[in-house]
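A short write-up of the structure that comes next.
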Amino acid sequence: MTVHSRAAALVLGMCALGLGTWEFPKAQAEPPRLLVMIVADQLRADYIDRYEHRWRGGIRTLLDEGASFTEAAYSYLNTATCAGHATIATGALPRTHGIALNRWWDREAQRAVTCTDDPDSPHVSYGEPVEFGNSGKRMLVPTLADTLRARPNGARVVSLSLKGRSAIPLAGRGGDVVTWFDESGRAFVTSRAYAEAPHEIVRAFIARDRAEADLGQVWTLQDREDTYQHPDLGIGEQPKAGWDALFPHPLAGVDGADAQYFDRWQKSPFSDRYLARMAAALVDGLELGQRQATDYLAVSFSALDLLGHDFGPDSREVEDLLLQLDATIGTLLQRLDALVGRDRYVVALTADHGAAPTPEQIGGGRIANEDLRQVVELALIGVWGPPGDVPYVAWVGSGSVYFAAGVYDRVRADRAALDAVTRALMAVPGMMRVLRAEEISDASPDPIVRAAAAGYVAGRTADLLLVPQRNWVIELRAEQEATTHGTHYDYDRRVPILLRGAGIRPGRYSGAVTPADIAPTLAALAGVALPNADGRVLTEAVQ
Ligand SMILES: [Zn+2]
């Protein structure tokens, strides 16, 4: 049975049992009133086991009362935030939903674009005016939230994060409240894609609960110091904005609630707690889950990723942030239990990607995108001489090499040029593979090529995809971050999937599943199908 027909069969099966149709049935168990998608950005699967004895908040609740998939992993190469969130939200792989990376080279526009930037959807700010705009228009298929909104008794949709590239794909093309934090404006924003004007409930929340109010707070350890597994001063830590590598970490600016303050705030447990309070206020104010409909709430907690990039996964900072995030999610679940009713909603917790170990701690290393650009440019200059008006290489990011218009066709037609480029790249310390766009195929016997195919988006994916050796990272500029992500290695691909609530059968499940299976599963519980999904309904965990 194909993935799609299996999903359809489950929906049909549930309809036959009167468990869920497009019209809510009168008797029997009702579909959940609210679907809750919680994403913890950069939450590696192994954290769940590593701190098993320390969870006592939301993660404890989900482990004890829910379904836990212990072998969940992304199937594609480009493990990045926007791609992950789009996969979680649509049940589709990047090859289908179109979000190849956080940023890519737009060959038509001849510029690098982000996965959400959209000048036609200007920002609507909850603080000072913020330039530019964002929307979900680059997503090629509808999300679960889009599908729920399109029903006759349409869902109310709320999606929140510090990052636009998380809140936007989790929602899709529309939604009642889709809000994220804009660093340049130091303000929460939405865009015209979602609202013509600030939403009154968000405005009122921000007026009484300001992000600036944490100024002067100090991030201290939640638990006794001798309970921490990781040392405070770790090799390779890259604290930013005036922080040092040691606790405590004050939430201070140079001059009040300035850029430095907000950088620190976003990397602290305080911003996670803030997002959770905003989410609870919106569930309350918009009465999510309290009508004869299935509403949708998504919250993507960003602090773990922002902090993880600076301190690495084996740092005391990440360890403590996780413990505090567990408590924050616990508080949010308690609020949802009270507002919606424990058995009336279903919640999924997962991550958009993991992270590599800090290379210096494990004998790995770093490759800088900017160096790669130069390596390729010089290789072609060596064969062809200097370029004309524009360099041969248009853009390199996340190990993706885009040539200027027409150049890659010339490279492919010129054996000497192709060899020179490949040889030069393979001579870069830490390089493992150079994948050429034309050899990327679903049918390949090579698992790395198949992973590249799952993430391949025609027109958007680069000409060359570079794969580092294990424990090596490809980053923007060398020595800037402790670590990053974006490969097919288990530390980047493996994430938790925890489900709990209406219709979920508790237990531990060890089958190979992916975060693309979450949206089809929640959709089936709500009685809708996702025709574009690549994932399947996790029937083993559905009652
Ligand atoms: Zn990241």
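Read the numbers this way: they start at 1 and go in the same order the structure lists the ligands and their atoms.
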Report the residues that fulfil side-chain hydrogen bond (donor to acceptor under 3.5 Å, both in side chains) with R210, sequence neighbours left out, ordered by chain and then residue number.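 Not a single residue meets the side-chain hydrogen bond (donor to acceptor under 3.5 Å, both in side chains) criterion with R210.
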Please work out which of the three classes, parallel, tilted or perpendicular, describes the rings of H230 and Y51, given edges at 30° and 60°.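 Aromatic pair Y51/H230 classed perpendicular.
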Suppose the cut-off is 2.8 Å; which protein N/O/S atoms would you list for the Zn ion (ligand 1)? D305 OD1, D305 OD2, H309 NE2, H485 NE2
Do the numbers put R173 on top of the ring of Y194, so that NZ or CZ is under 6.0 Å from the six-membered ring centre and no more than 45° off the axis?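 No, R173 and Y194 do not form such a contact.
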Within 45° cone and under 6.0 Å: R273 NZ/CZ vs F270 ring: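 The answer is yes; both the distance and angle limits are met.
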What heavy-atom pair brings S400 and L465 nearest, and what distance separates the two atoms? OG-CD2, 3.6 Å
If only side-chain N and O atoms count, and only distance matters, is there a donor-acceptor pair under 3.5 Å linking R138 with H97?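 Side-chain D/A pair, H97 to R138: absent.
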